Each structure stands twice: as structure tokens, then as C-alpha cells.
Number of protein chains: 2
Amino acid sequence: MKQLPRAVIGRLPRYFRCLRILINNEVLRISSDELAGLVGLSASQVRGDLAALGDLGQQGYGYSVKTLYAEIASRLGAGDNFEAVIFGATPLGLALASGPLLSRRGVSVTAVLYTKEVRTIVCEGESPKTVCEGVVLPDGCRVLPVSELESVKSRDIAILACDDEEAPELYRLVADHGFRGVWNLTELELRGSASTRVINARLGDSLMILCFGLHSGDWE
Amino acid sequence: MKQLPRAVIGRLPRYFRCLRILINNEVLRISSDELAGLVGLSASQVRGDLAALGDLGQQGYGYSVKTLYAEIASRLGAGDNFEAVIFGATPLGLALASGPLLSRRGVSVTAVLYTKEVRTIVCEGESPKTVCEGVVLPDGCRVLPVSELESVKSRDIAILACDDEEAPELYRLVADHGFRGVWNLTELELRGSASTRVINARLGDSLMILCFGLHSGDWE
DNA sequence: TAGATTGTTAATCGATTAACAATC
DNA sequence: TAGATTGTTAATCGATTAACAATC
């Protein structure tokens, strides 16, 4: 299996999302030209990207949506069923725990850990658990204080959804406890290590790029 | 004012975040080497990026944190006080409305619009308004059904935080009502037009890159 | 076969890097 | 002056594009 160029890897999730929609719409085949329109790239680039993944297309026909989706999902590890622990029972943390974003990518949340004693409305008995309006935690997801981290088994992904001030300390905790990956949603820039991979989500950065566009006019 | 390279623009928000932290810590000056450590780039790249912004450094001394921050904030339009309307009273939409992410960037939320009649716990009389645990809307932010969009004046930024299924319809609505920019937090890829700029946040994509790293091992 | 569409190539473009002269 | 650190350059690297031969 050849090493994929970094730029291609960065675009795979986009194909993943678009192909999933095609599958839901029961589309069976698609050409590089049509797919390019959906993902917002050129047909040439789409062909280049997909060719890097292997021999997936068929000349004169195009690509099988299912084959493509399966290949990309497998390359990305979307079928690996990683388990995540969310650090911070913040509105953002709870939104992620209850929304479809993680589960669609094959990531399941086993716990939400809080640092500040919140007057959270948790109905421990109920299933699914309703934390507050619109926030229903998935089955098997516990809500605990961070001090109970030991009792949580998952060590795949730590999702940092805490306040920025708490990030450095929680990151140390996470690294010490052997989490393999960190998805950092705080505003801090964290650096990974040999044993702990870190991805800084930089959610707010994309908003600033939009503001730059509105501010300066000239941009694309 | 020379046109900035696209790659530099993409990194400006990162400098913005790191410099803000330095300012909070009352750091006055910084060298390209130190700053590089914070933002996770090489010193060479930092100097290149900052040189593209103008004559901000001083040889033998470094950069003034304040000057740098002011210049970058101004370039990004962080001082333009853009007004945003959030489409979707979802957990994510409410998290953004109540959290510091927007306000730190000089963006204020004037309204949260909902599509489904939710049993939302809004205390209309109170100020600040508490929607649910941990979600306190800022002053001047209204919660309305989408049908009341006409009564909202802001036309700077529309934040799409609705369910994916609602995105196409709401996007049309937003474009028709003359919003200048769209920050799309749904999983769909939207394309902008001459009059409406669109940035797809692609929040989940960064999580998938992390999964790819855990899955494939070899990556950086 | 004719038409469609891929996979690949060569050319271009832009971004990154390392080194160092300029300068405070 | 000596030390530090920038701004700039030339060389390298990687990504994108357009064109077209290969092939279904």
C-alpha cells in the first residue's frame, strides 16, 4: 500500500461525506466530473486523488459509489470502531456526545467527563439519557467527574471540549493515561508526541477566514 | 496593500489565537523562533508569513506582541463587529451562541432561529437568558422561529447549525435574504456565489484525519 | 465500432526551507 | 562593537492543471 500524499489524505473525509449522501440517494455510479461538482474540486484532481487510492474506476463508465465509499472509509479507519472519551461536559462537548457527527464516522462515546460540578440534569435511570433539551446521550455513555477517569476503559481518542484554561492540565492527564489520539476542540494549539497524536480542530479559524473574506472583498 | 498568499491567510487565525494568549500573559516581545514553537511552524515560515503582512519586526529584537496582534486582527476583520444569525437551535447552535468562540473574534449573535418547535426552556424575561444548563445567550440575542427571519436585521453572517437535511433549504433562504457570508457547520458541501460567500467548516473532517492517523500508524 | 471516461504524464504553479546579508 | 534576530533570496519540494493516450 503506497503512502498517500498529505494533500490527498486531507481531502478524503470530503469524499467520504459526499459519497455517503450519494449512497443514501441510491446513486450507483458517478463520473469524476459529477463527483468533482459535489466535492468542489476539479475533475482532474478527483481522478488524481482516486487513482492514488488504487484501481477504483472503470474507463468509459466511471466509479461505483459503493466501492469508492468502502475503500475511502476503510482507508480512513472509519470501520475501526474507535472509542472516545469527551473531556468537558460543556455545551459543545454535550453537543458532540449527542449528535450524529461521531457515530457517522464509526466513533462511539463511552463517557463524558466533567471538571466543574454542574447542576446537570441527568436522569441516570433513563435510557437514552436526557441531559437537557435536545441532548440525549447514546447508550453506554456515562457522565462522570474527571477524577473517575480510571474507571473508564477506552484509550483510543480523547476529545478535549473543555474550557481553554483547563486544556493544558487535561491534556497532560490524557497523555499520562495513554490515550492514542487527541481531538482538540479548544483554542489552544497542542503538540502531539510519539505516543499521543494530536489534531487541533481549529473550529474558529474557518470562521475567521470567512470574516477575512467579508472584510477584504477580494478573495476568490 | 499587497494580496496575501492563500496559505498565509489560512494561518493568520492561528497567530491570532496564540498572540491573544501571549497578550493575556502580558508578554511584550517575541522572536520568530519562540512564536514558531507556539504555533507549531518553523521560524523561517513565521518570518515569511509576518514579512508578508508588512514591516512588523525589528532586527535584533523580534516582534512586539501587541503590534502583531493588532495588525493580524485588523487584517482578518476581527474588529469589524460582524453580526451573525444562527440557523438551528440545535445543541451545536446553542453551544456557539453561548460560548466565547464568536465573541472573541468580534462576531456577535443577534438571533438563534429554530425550525422545529422545540420544548426549549427559555426564560424570556431573564437577562442573560438561560436556555438550558450551561447555555446562557448573550444580551440582545433573540430566539425565534425561522419564519420570523424578516424581523431580524443582521445580514452579515448566517451560521448554519441545523440538521443536515434542512441545510439545502435554509441555505436558499439565507442566500435569498442577502446574507453576505455563510459559515456552514453541517456535513454538506455548499458552494458560494458572487453575492454569498460560503465557508464549509468541515468540523468532522479533522476527526477523520485523526482516525486515519490511529488507523495507519505511519503519519508524521 | 463509437462514445465515454479513466489513469497518467509533463508543465506549471505555489509553498516551504535553509542560508545569510542586512540591521537593530 | 558584539550579539541577536529579522527580511529576503535561491533552491527545493509538493500540489495542481490540462491534455491525451489507454481502455472499457
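Note that this is a predicted model, so its numbers are computed, not measured. Throughout, protein chains are lettered first and strands after them, A, B, ... in sequence-line order, and every chain is numbered starting at 1.
- Atom CG in A/Leu41 sits roughly 13 Å away from atom C1' in D/dT17 (whole-Å rounding).
- The residue among A/Arg11 and A/Gly60 whose nearest nucleotide of DNA chain D is located toward the 5' end is A/Arg11.
- Side-chain atoms of A/Gln59 lie closest to D/dT23 of the nucleotides D/dA18, D/dT23, D/dC20.
- Separating the CG atom of A/Asp55 from the C1' atom of C/dT6 is a distance of 10 Å, rounded to the nearest angstrom.
- Residue B/Gln45 contributes atom CD, which lies 16 Å from atom C1' of D/dT6 at whole-angstrom precision.
- Nearest nucleotide to the B/Ala51 side chain, out of D/dT6, D/dG7, C/dT16: D/dG7.
- The separation between A/Glu34 atom CD and C/dA4 atom P is 13 Å, rounded to whole Å.
- Checked against C/dT8, C/dT5, D/dT5, the side chain of A/Arg29 finds its nearest nucleotide in C/dT5.
- Between D/dC24 and A/Gln58, no contact under 4.0 Å exists linking OP1 or OP2 to a side-chain N or O.
- At the phosphate of C/dT17, OP1 or OP2 sits under 4.0 Å from a side-chain N or O atom of B/Ser42.
- Nearest nucleotide to the side chain of B/Arg6, out of C/dT6, C/dG7, C/dA15: C/dA15.
- Look at D/dG14: its Watson-Crick or wobble partner, with both distances under 3.5 angstrom, is C/dC13.
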| field | salt bridge (Lys or Arg N to Asp or Glu O under 4.0 Å) evaluation trace for A/Asp49 with A/Arg11 | value | CA-CA 8 Å; A/Asp49 288 352; A/Arg11 282 188 294 265; 2.8 Å; yes
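- Among the nucleotides D/dG7, C/dG7, D/dA15, the one closest to the side chain of A/Arg47 is C/dG7.
- Ring planes of B/Phe179 and B/Phe87: perpendicular class, angle over 60° (limits at 30 and 60°).
- Residues A/Tyr114 and A/Ala89 approach most closely at CB-CB, 3.7 Å, considering heavy atoms.
- Across A/Leu188 and A/Asn200, no two heavy atoms sit closer than the pair O-OD1, 3.7 Å.
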What verdict does the side-chain hydrogen bond (donor to acceptor under 3.5 Å, both in side chains) test give for A/Glu83 and A/Thr110, after you've listed the backbone C-alpha separation in whole Å, the side-chain angles of each residue and the deciding distance to 0.1 Å? CA-CA 7 Å; A/Glu83 291 184 344; A/Thr110 61; 5.0 Å; no
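- The CG atom of B/Leu4 sits 15 Å away from the C1' atom of C/dG14 (whole-angstrom rounding).
- Taking atom CD on B/Gln3 and atom P on C/dG14, their separation rounds to 11 Å, with Å as the unit.
- Across all strands, A/Leu35 comes closer than 4.0 Å to no nucleic acid atom at all (heavy-atom distances).
- Sparse packing is recorded around CZ of B/Arg191, with 12 or fewer heavy atoms of other residues, nucleotides or ligands lying under 6.0 Å away.
- What separates CG of A/Leu50 from C1' of C/dT5 is a distance of 13 Å, to the nearest Å.
- The phosphate of C/dA4 (OP1 or OP2) has no side-chain N or O of A/Tyr63 nearer than 4.0 angstrom.
- Checked against C/dT17, D/dA15, D/dT6, the side chain of B/Ser44 finds its nearest nucleotide in C/dT17.
- At C/dT5, none of the side-chain N or O atoms of A/Ser32 fall inside 4.0 Å of OP1 or OP2 (strictly under the cut-off).
- Residue B/Ser31 has its side chain nearest to D/dT5 when only C/dT5, C/dT17, D/dT5 are considered.
- The side chain of A/Tyr61 places no N or O atom within less than 4.0 Å of a non-bridging phosphate oxygen (OP1 or OP2) of C/dG7.
- Base pairing of C/dA21: its partner is D/dT6, meeting the Watson-Crick or G-U wobble criterion (both donor-acceptor distances under 3.5 Å).
- The interatomic distance linking A/Leu53 (CG) with C/dT6 (C1') rounds to 14 Å, in whole Å.
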